[in-house]
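Sequence lines set the chain letters: A, B, ... in the order given, protein chains first and strands last, and positions in each chain run from 1. Computed over heavy atoms, backbone and side chain alike; hydrogens, waters and symmetry mates excluded.
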There are 2 protein chains.
Amino acid sequence: MRKTKRREGGKTDNRGTAGPSSRRPVPETDYEAVFRDFLQARGLKLTRERMVILEEVFKHDDHFDIDEFHMKMRKKGLKVSRASIYRTLPLLQECGLVDEVKTTERQAFYEHIHGRRHHDHLVCLSCGKVMEFYSPAIERLQEEICRRRRFKSLRHVLEIQGHCKDCA
Amino acid sequence: MRKTKRREGGKTDNRGTAGPSSRRPVPETDYEAVFRDFLQARGLKLTRERMVILEEVFKHDDHFDIDEFHMKMRKKGLKVSRASIYRTLPLLQECGLVDEVKTTERQAFYEHIHGRRHHDHLVCLSCGKVMEFYSPAIERLQEEICRRRRFKSLRHVLEIQGHCKDCA
DNA sequence: TTGAGATTGAGAACAAATCTCAATCGTGGC
DNA sequence: GCCACGATTGAGATTTGTTCTCAATCTCAA
């Protein structure tokens, strides 16, 4: 009995990052290399589970929460425990492949960011859709504010909540 | 098991302000009137607990989380259950007296906003200090973004995390 | 190949928030 | 002022997201 939550976000294009025909050593994707190097540098092991999770994360192009993620994997027959997911995502975060977005919702959600630009979120309170936006001007203003206060900014979260045009 | 006595009467109003040379009923503060009206309009009752919580909220001028808040009340001998606090804060939020700020921290915190201006937060990851800032320019840019997407904004959360000048 | 040490899975443990329900209170009508 | 009744309360139980525990298992450098 785990949950019954919503937040089914917008469509994904699922841009087939999956491996090409597997007969010869499939060329390692960018993110695989990043993760592998990170693990090595940290003296951590490259396990089947970690790789399965990595691949799955990069198949999602939208936001997801851990429970939904776990469910989806089980349906596909990929057996990885929830605990491993909880343990692996922070690693992916540490090596910059994934971003954890704590929202005003109870639970956190994640999104992969490798090769993507930083962005902020619009969240529809009716349908749960999450849209992204990026404003260089806002970013600049934030930097300015931090500079003035001698605050060393590490990251930020900007989430605007309301109703999307379909729900308004 | 409701437990023995509770509600050992007394003092609902007259928040000991040692009124100037007051000989007449202490004038209700602004926020008290707001809350009272709100309760009435909603057919809710004005209870001792609700008032105690309201007063306490307006004594804090900074951010607080529910547990800390509850503890502080107990120390003062104000007996109100955690459950009541959890139930009352959303009411105060509804009538615009209090703001719930969900942060990237695990738990939410609150701050009263009556008579205060909207603002965003800088959070120091080392010492936990929370600073406020307000940027009309950022606000305007956000509105612009929403307009362009036909998104009806209700509220937003902008939190910048990093290290304050004392911790850097 | 091997063994030290990292990792895993299942379930227990936690913690924040919410719910349950009998006892009790607040309020409008007399 | 008194009543009746629905709203509210407190204490503890429950829910829910996340983290921890530990025996079994796996990884990888030597």
Nucleotide nearest Glu49(B) when distance is taken to its side chain, options dG9(C), dG10(D), dC28(D): dG10(D)
Considering the options Glu49(B), Glu56(B), Met73(B), which one meets the side-chain contact (heavy atoms from CB on, under 4.5 Å) requirement together with Ile85(B)? Met73(B)
Rounded to whole angstrom units, what separation is found between the NE2 atom of His70(A) and the P atom of dG11(C)? 12 Å
Would the base of dG10(D) count as contacting Lys79(B) through its side chain, where contact means a donor and an acceptor less than 3.5 Å apart? no
Sort out the partner of dA29(D) for me: Watson-Crick or G-U wobble, both distances under 3.5 Å, none otherwise. dT2(C)
Can you measure Leu78(B) atom CG to dG10(D) atom P for me and round it to whole angstrom units? 12 Å
Would you please confirm or rule out a distance under 4.0 Å between OP1 or OP2 of dT8(D) and any side-chain N or O of Ser84(B)? no
dT8(C) phosphate, OP1 or OP2: any side-chain N/O from Thr47(A) under 4.0 angstrom? yes
Could you tell me which nucleotide pairs with dA17(C) by Watson-Crick or G-U wobble geometry, both distances under 3.5 Å, or answer none if nothing does? dT14(D)
Confirm from the modelled atom types if Arg87(B) and dG10(D) form a donor-acceptor pair under 3.5 Å, side chain to base only. yes
In whole angstroms, the gap separating P of dT27(D) from CG of Leu46(A) amounts to 9 Å
If you measure from CG on Leu141(B) to CG on Leu141(A), what distance do you get to the nearest 0.5 Å? 6.0 Å
Of Gly43(B) and Arg74(B), the one whose closest nucleotide on DNA chain D sits nearer the 5' end is Gly43(B)
Over how many whole Å does the gap from Met71(B) atom CE to dA16(C) atom C1' extend? 13 Å
Taking CZ from Arg82(B) and P from dA16(C), how many angstroms apart are they, rounded to a whole number? 9 Å
State whether the side chain of Arg50(A) and the backbone N or O of Thr88(A) hold a donor-acceptor pair below 3.5 Å, judged by distance alone. no
Is the side chain of Ser84(A) donor-acceptor paired with the backbone N or O of Val80(A) at a distance under 3.5 Å, no angle test? no
To the nearest angstrom, the OH-P distance between Tyr86(A) and dT21(D) comes to 17 Å
Does Arg48(B) put a side-chain nitrogen or oxygen below 4.0 Å from OP1 or OP2 of dC25(C)? no
Of the options dG11(C), dG10(D), dT27(C), whose atoms approach the side-chain atoms of Lys45(B) most closely? dT27(C)
Under 3.5 Å, is there a donor-acceptor pair linking the side chains of His156(B) and His121(A)? no
Rounded to whole angstrom units, what separation is found between the CZ atom of Arg50(A) and the P atom of dT25(D)? 19 Å
Listed nucleotide nearest any side-chain atom of Val80(A), set dG10(D), dG9(C), dG26(C): dG9(C)
Assign each of Gln40(B) and Thr88(A) the nucleotide of DNA chain C bearing its closest heavy atom; nearer the 5' end lies the nucleotide of Thr88(A)
Provide, to the nearest angstrom, the distance between the CE atom belonging to Met51(A) and the C1' atom belonging to dA6(C). 17 Å
